[in-house]
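Values in this document were obtained by computation on a predicted structure and should not be read as measured data. For the single chain, residues carry numbers from 1 onward in sequence order.
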Amino acid sequence: MTIALLVANQWIYGQSYFSKLLDTPYPYVGAIWGSMETPDSGFILMHTSLDIFQDTNKINIVKIDKNGAKVWAKSYGAEGTAHEQYEIIRTKDSCYVFCGLEWKNDTASSFLFKINEHGDSIWMKTFNSGSYLCLFGNVIETSDGGFLATGGCEKTPPGGSDPFRQNYTVKTDGLGNILWQLTRGDYSTHENSFGIVETPDHEYLQAGNVRNPYIDDFYVYSQLVRIKNNGQVAWVKNYIDSDYYQGFFDIQKALDGNYLIAGGWANDEDIFPSDPYGGGGTLTKVDENGSVLWFKRYGDEIYDAECYDFVELPDSSIVTIGFSHQPWERSTLVKFNSEGEIIWTHPYLYNTEFETNEALFEVIHTKDNGFLMTGYAHNPMLDTIGFSIGKGWILKVDSLGCPVPMCVTSTIDPIREENEVIKIFPNPFQNEFQIKLPIDNKYEKINIYDATARLIISADLKSKEDHLTIDASNMNNGLYFIEFISKTERMMKKIIKIE
């Protein structure tokens with residue numbers, strides 16, 4: 001088949017790109033722990049900022065537009081209190097609820113805070129199981145219109161030895177009033193719950209990890225707990241690997257009715273106890289009974305970031321965000337197919353000229369088919385008074401993970417036989433070039449872009465098609481990108497036109 005030149009003046013998918021530090025003046029340092037897209041394609045950001053001289057944290061809520069420009073910002077928090085917020089959700093009544101912790105009188109309590117679409121406070125509730133430190137790291141709105149929040153509480157065991165952490169889960173009504181609460185764990189272990197999801201029968205699956213300092217071989221392992229709608233535990237399942245330390249970090253219901261769980265692993269006991277997600281990432285799919293359908297572990301010189309947060313896309317592919325810790329923090333966005341095999345990866349740094357600590361914690365899939373990630377970026381040029389100065393970092397990329405139009409995506413393909421490889425020739429080319437597709441071609445469409453991300457050619461492919469001739473006689477000299485699109489992946493190739 002011969003494809004002639006078609007010209008279309010558009011940027012790739014009409015997507016926006018920006019990378020910004022939240023404009024909070026010194027001496028504040030901070031991080032953006034979570035975000036939520038608004039109906040007008042803007043974003044609500046949860047910004048935790050610390051005044052390094054007053055040692056106080058405010059609840060900061062920031063609205064930006066689709067291009068990253070600030071629309072408004074509001075702060076909450078009484079004198080003598082400090083706050084950190086970790087998760088935000090949009091509620092059925094078009095408001096927002098987020099969770100975190102509140103420090104007051106040397107005690108930290110978990111909190112839920114509800115705001116309207118303009119950032120105005122509706123209600124705030126605090127919760128404590130009798131510990132000196134409690135926090136919520138995840139919250140969901142339940143089918144009955146209430147909320148379910150989960151996290152952990154640290155307690156001091158008898159004898160005043162080192163504190164231990166217990167799982168802490170609270171079910172509330174729509175106004176934040178407690179319906180029931182569940183605390184799990186004893187002083188021999190440290191248990192954390194990081195994610196929770198409602199099942200179709202209105203029970204809950206809670207994902208986390210358990211640390212046992214008294215059993216060296218099983219120091220950290222993953223745990224899944226099923227909780228009944230009255231707060232009673234239905235069952236607990238532990239996932240132990242004697243060769244690795246590992247833990248669950250986020251759980252979501254998959255499109256096929258099963259459950260996806262993201263997590264991390266490490267094989268160095270000197271790294272893992274100080275940071276349980278310092279080795280690499282894991283993806284697990286389980287059914288409603290906790291039986292593993294598949295499990296993938298990732299981590300090498302190409303991809304060494306844990307799976308900290310993830311989204312499942314409409315085609316059942318999965319995109320995760322995480323960051324590595326050695327030798328410094330560096331974030332990586334990774335796309336997987338529906339079976340957990342890597343399609344492409346993208347590493348990100350805000351300060352590319354420095355070896356800096358910069359981390360992105362959360363990813364959301366945006367209406368323009370791109371991704372917004374949030375976290376913090378460290379600026380070493382501000383380290384003048386003994387403090388590590390970091391700012392909240394917002395990064396918006398396109399559907400290929402590119403932070404700028406038509407960047408190069410690191411595509412990781414399975415090892416293929418010679419007759420399965422796409423061939424483009426000649427390259428460089430003059431008036432035309434050929435594309436030889438694999439015998440079992442799965443690609444359904446190709447797009448060709450110039451170096452400015454302008455779409456030049458777009459064509460559908462037939463299922464049995466294995467050879468294309470591209471008429472490029474009207475194309476200017478220079479670099480072009482060929483995008484191959486299937487139901488499960490996108491792959492980019494480069495080609496150059498010469499005289």
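Taking 4.5 Å as the limit, some side-chain heavy atom of R184 sits within range of a side-chain heavy atom of V225. Between I64 and F18, the closest side-chain pair of non-hydrogen atoms falls below 4.5 Å. No side-chain heavy atom of F194 sits less than 4.5 Å from a side-chain heavy atom of N138.
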F248/Y239 under ring pair (Phe, Tyr, Trp, His ring centres under 6.0 Å): CA gap, chis, key distance, verdict
CA-CA 10 Å; F248 289 149; Y239 304 82; 5.4 Å; yes
Please test V170 against F136 for side-chain contact (heavy atoms from CB on, under 4.5 Å), starting from the C-alpha separation and ending with a verdict.
CA-CA 9 Å; V170 174; F136 287 149; 3.6 Å; yes
Applying side-chain contact (heavy atoms from CB on, under 4.5 Å), run through Y86 and V139 and close with a yes or a no.
CA-CA 9 Å; Y86 298 123; V139 61; over 6 Å; no
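When each of W33, F113, Y76, F147 is checked for a ring-ring contact (aromatic ring centres under 6.0 Å, His included) with F98, only F113 meets the rule.
A salt bridge links D201 and R226; the closest N-O separation between the charged side-chain nitrogens and carboxylate oxygens is under 4.0 Å. Using a 4.0 Å cut-off between a side-chain N of Lys or Arg and a carboxylate O of Asp or Glu, E341 and K296 qualify as a salt bridge. The pair K66-D40 does not meet the salt-bridge criterion, since no charged nitrogen lies less than 4.0 angstrom from a carboxylate oxygen. Under the 4.0 Å criterion applied to side-chain N and carboxylate O atoms, K367 and E37 are not assigned as salt-bridge partners.
Between the side chains of Q246 and T282, not a single donor N or O lies within less than 3.5 Å of an accepting N or O. The closest side-chain donor-acceptor pair between T366 and D368 falls under 3.5 angstrom. In this model, a donor atom of one side chain and an acceptor atom of the other lie less than 3.5 Å apart for T150 and Q206. W393 and S19 are linked by a side-chain donor-acceptor pair at a separation below 3.5 angstrom, with hydrogens and angles left out of the test.
Environment of NZ in K171: crowded, with over 12 heavy atoms of neighbouring residues, nucleotides or ligands closer than 6.0 Å.
One distance of note links OG1 of T320 with CG of L260; it measures 11.5 Å at 0.5 Å rounding.
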